[in-house]
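Because the structure is a prediction, the values reported are computed rather than measured. The basis for the numbers below is simple: all heavy atoms, side chains too, and nothing from hydrogens, waters or symmetry mates. All ligand and atom numbering here is 1-based and tracks the order in the structure.
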Amino acid sequence: MSSLKIAIVGSGPSGCYVAERLVRQGKGVVEVDVFDRLPTPFGLIRGGVAPDHQGTKGVARVLSRALDRDEVRFFGHVEIGRDLRLADLRSMYDAVVLATGAPKDRRLGIPGEDLEGIHGSWAFVGWYNGHPDYAGLDVALDRVRSAVIIGNGNVAIDVARVLARAGAEMDKSDIDPVVEAALAAAPLERILIAGRRGPAEVKFTPAELSELGRLQRARPVVDIAEITAVDNCENSCFTVLQEFAERPAGEAPVTIELGFRLHPEAFIDNGEGRVGAVRFRRTQPQGADFVDTGETIDIPAELVVTCIGYETVGCDDLAPIGGVFANDEGRIDDGFYVVGWAKRGPSGTIPTNRPESHALADRILAEVAPADKPGRAAVYKALDGVAVVDIDGWKRIDAAEIGQAPEGRVRRKLTRIDDLLAAAQG
Ligand code: NAP
């Protein structure tokens with residue numbers, strides 16, 4: 001009997017969870033090939049999860065087990081649209097699954113957004129995580145006394161925490177020494193995390209928010225008036241915000257202010273083409289929404305990181321609509337599926353993806369029949385001349401990075417594609 005041949009584009013959590021389920025449930029009659037445009041697997045685990053959250057990054061060990069299985073092949077450094085056409089992939093496999101995530105920053109669409117010193121969190125997080133696309137980002141931290149982070153989600157917390165941590169607080173992380181030196185050189189005094197709504201509407205999770213209260217050189221600050229203005233709050237972060245507001249004022253080199261009812265209106269040029277301040281309009285809650293009060297406030301900032309969510313990008317000639325690939329419960333077309341952030345948008349933590357990916361794998365097994373497709377035999381031919389990184393190549397990269405870890409750090413990432421390809425060859 002011919003085996004069912006499935007291609008998955010993207011090796012982040014949602015793609016790996018689909019692969020794992022397909023081969024487990026497919027019981028020897030399913031072959032899965034996982035493609036990634038980077039030479040390294042695991043998507044957001046490697047490039048998104050903060051370097052000081054190694055416990056979360058440990059999920060890579062679980063995902064690795066899927067890529068290690070006999071029925072699965074990893075095709076790293078293969079970009080669909082550059083090395084292989086999407087239409088060809090669809091003709092070579094019984095089913096194709098897009099698990100390409102949402103690798104593009106949403107924009108605020110306000111004046112001054114393109115000034116130097118303003119970064120979307122996708123790029124900024126990519127920079128401090130050694131993502132090859134952003135390793136050269138010009139962050140100019142040596143002039144940053146005041147940083148403004150826009151958004152009240154967990155990415156905003158990650159960015160604030162990484163900016164605020166110092167030296168030994170990064171022990172056992174995989175922060176790059178170049179990034180660490182840039183962070184240490186910043187004369188940082190103030191970080192403002194600005195939400196456009198109130199403390200009852202934050203999208204943080206309590207564990208992540210609480211961490212801001214345990215930093216060595218930084219202390220969180222919340223205006224008690226913002227807390228007392230709220231009645232009957234059910235948001236699980238509220239008690240943490242209240243605890244921050246009630247803390248006695250202490251001395252710390254860096255303050256992390258959690259500011260509310262601040263709706264970004266414009267970025268103000270410092271006269272040299274760089275951001276010098278952020279202009280906010282004060283808002284007032286109205287139900288779950290907000291209205292403007294007419295008041296504006298300018299906050300000085302030499303660095304701005306917008307943490308307001310992401311959108312997916314096109315895959316070859318398939319364009320997203322409204323930040324995702326149009327789909328019906330994960331189905332795009334016959335034998336063509338989408339999963340994870342590319343399907344539903346940028347929401348949920350890593351474990352959120354597992355049940356969704358498993359349900360999609362079960363659906364594929366139920367509705368796609370093997371049709372004697374050539375699968376990987378055709379792909380190997382089509383990729384002749386492409387420097388494909390297989391799972392053993394990735395393991396060589398992994399070993400090289402761990403082997404060159406600076407003291408007190410768990411790895412030093414290779415941040416250039418050429419270096420990654422060289423390490424993959426051993
Ligand atoms: P998020 O949780 O959706 O938060 C986005 C924030 O941006 C919200 O506060 C939103 O405000 C604000 N925002 C959106 N558009 C805006 C605008 N035009 N002006 C001002 N503010 C705007 O997204 P995220 O922080 O990027 O996180 C993405 C997902 O990854 C989340 O599910 C998050 O929990 C997860 N994550 C988890 C962890 C972890 O578990 N450690 C770490 C990082 C990320 P409104 O609420 O008013 O729309």
Once you restrict to heavy atoms under 4.0 Å, what part of Val49 touches ligand 1? Side chain, backbone, both or neither.
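For Val49, no heavy atom sits under 4.0 Å from ligand 1.
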Have a look at ligand 1 and work out which part of Cys307, if any, has a heavy atom under 4.0 Å from it: side chain, backbone, both or neither.
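The backbone, only.
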For [atom], what is the nearest protein heavy atom, given as residue, atom name and distance?
{"atom": "atom 38 (C) of ligand 1", "answer": "Asn154 CB, 3.6 Å"}
{"atom": "atom 12 (C) of ligand 1", "answer": "Gly151 CA, 4.0 Å"}
{"atom": "atom 48 (O) of ligand 1", "answer": "Arg196 NH2, 2.8 Å"}
{"atom": "atom 28 (C) of ligand 1", "answer": "Pro346 O, 3.5 Å"}
{"atom": "atom 32 (O) of ligand 1", "answer": "Gly348 N, 2.7 Å"}
{"atom": "atom 3 (O) of ligand 1", "answer": "Lys203 CD, 3.8 Å"}
{"atom": "atom 4 (O) of ligand 1", "answer": "Gly153 CA, 3.5 Å"}
{"atom": "atom 41 (N) of ligand 1", "answer": "Glu208 OE2, 3.1 Å"}

Could you list the atoms of ligand 1 found under 4.0 angstrom from a heavy atom of [X]?
{"X": "Ser347", "value": "32 (O)"}
{"X": "Trp341", "value": "29 (C), 30 (O)"}
{"X": "Arg197", "value": "45 (P), 46 (O), 47 (O)"}
{"X": "Asp158", "value": "42 (C), 43 (C)"}

Return the option from [options] holding the heavy atom at the smallest distance from [atom].
{"atom": "atom 9 (O) of ligand 1", "options": "Ile193, Asn152, Ile350", "answer": "Asn152"}
{"atom": "atom 40 (O) of ligand 1", "options": "Thr352, Leu108, Thr349", "answer": "Thr349"}
{"atom": "atom 24 (P) of ligand 1", "options": "Ile157, Thr205, Val159, Val155", "answer": "Val155"}

[X] side chain to [Y] backbone, donor-acceptor under 3.5 Å:
{"X": "Lys57", "Y": "Val49", "answer": "yes"}
{"X": "Arg344", "Y": "Ser347", "answer": "yes"}
{"X": "Lys413", "Y": "Arg46", "answer": "yes"}
{"X": "Ser64", "Y": "Arg61", "answer": "no"}
{"X": "Asp36", "Y": "Gly76", "answer": "no"}
{"X": "Arg196", "Y": "His263", "answer": "no"}

Gly195 near ligand 1, heavy-atom distance under 4.0 Å?
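Gly195 does not count as a contact of ligand 1 under the 4.0 Å cut-off.
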Does ligand 1 have any atom that is closer than 4.0 Å to a heavy atom of Phe280?
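No, Phe280 has no heavy atoms under 4.0 Å from ligand 1.
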Under 6.0 Å from the CZ atom of Arg24, do we count more than 12 heavy atoms belonging to anything else shown?
no
Not counting sequence neighbours, which residues clear ring-ring contact (aromatic ring centres under 6.0 Å, His included) with Phe42? List them please.
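Trp394.
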Looking only at side-chain N and O atoms, does Thr415 offer a donor or acceptor that is under 3.5 Å from a partner on Asp176?
no
Sidechain N-carboxylate O distance under 4.0 Å for Glu169, Arg165
yes
Between Arg261 and Asp223 (salt bridge meaning N to carboxylate O under 4.0 Å), is one present in this structure?
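Salt bridge: no.
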Distance-only criterion, 3.5 Å: show the donor-acceptor pairs between side-chain atoms of residues 133-146 and protein atoms not counting sequence neighbours.
unit_1, atom_1, unit_2, atom_2, d
Asp133, OD2, Arg37, NH2, 2.4
Arg145, NH1, Glu189, OE2, 3.2
Ser146, OG, Pro300, O, 2.6

Is there a nitrogen or oxygen of His263 sitting under 3.5 Å from a nitrogen or oxygen of ligand 1?
no
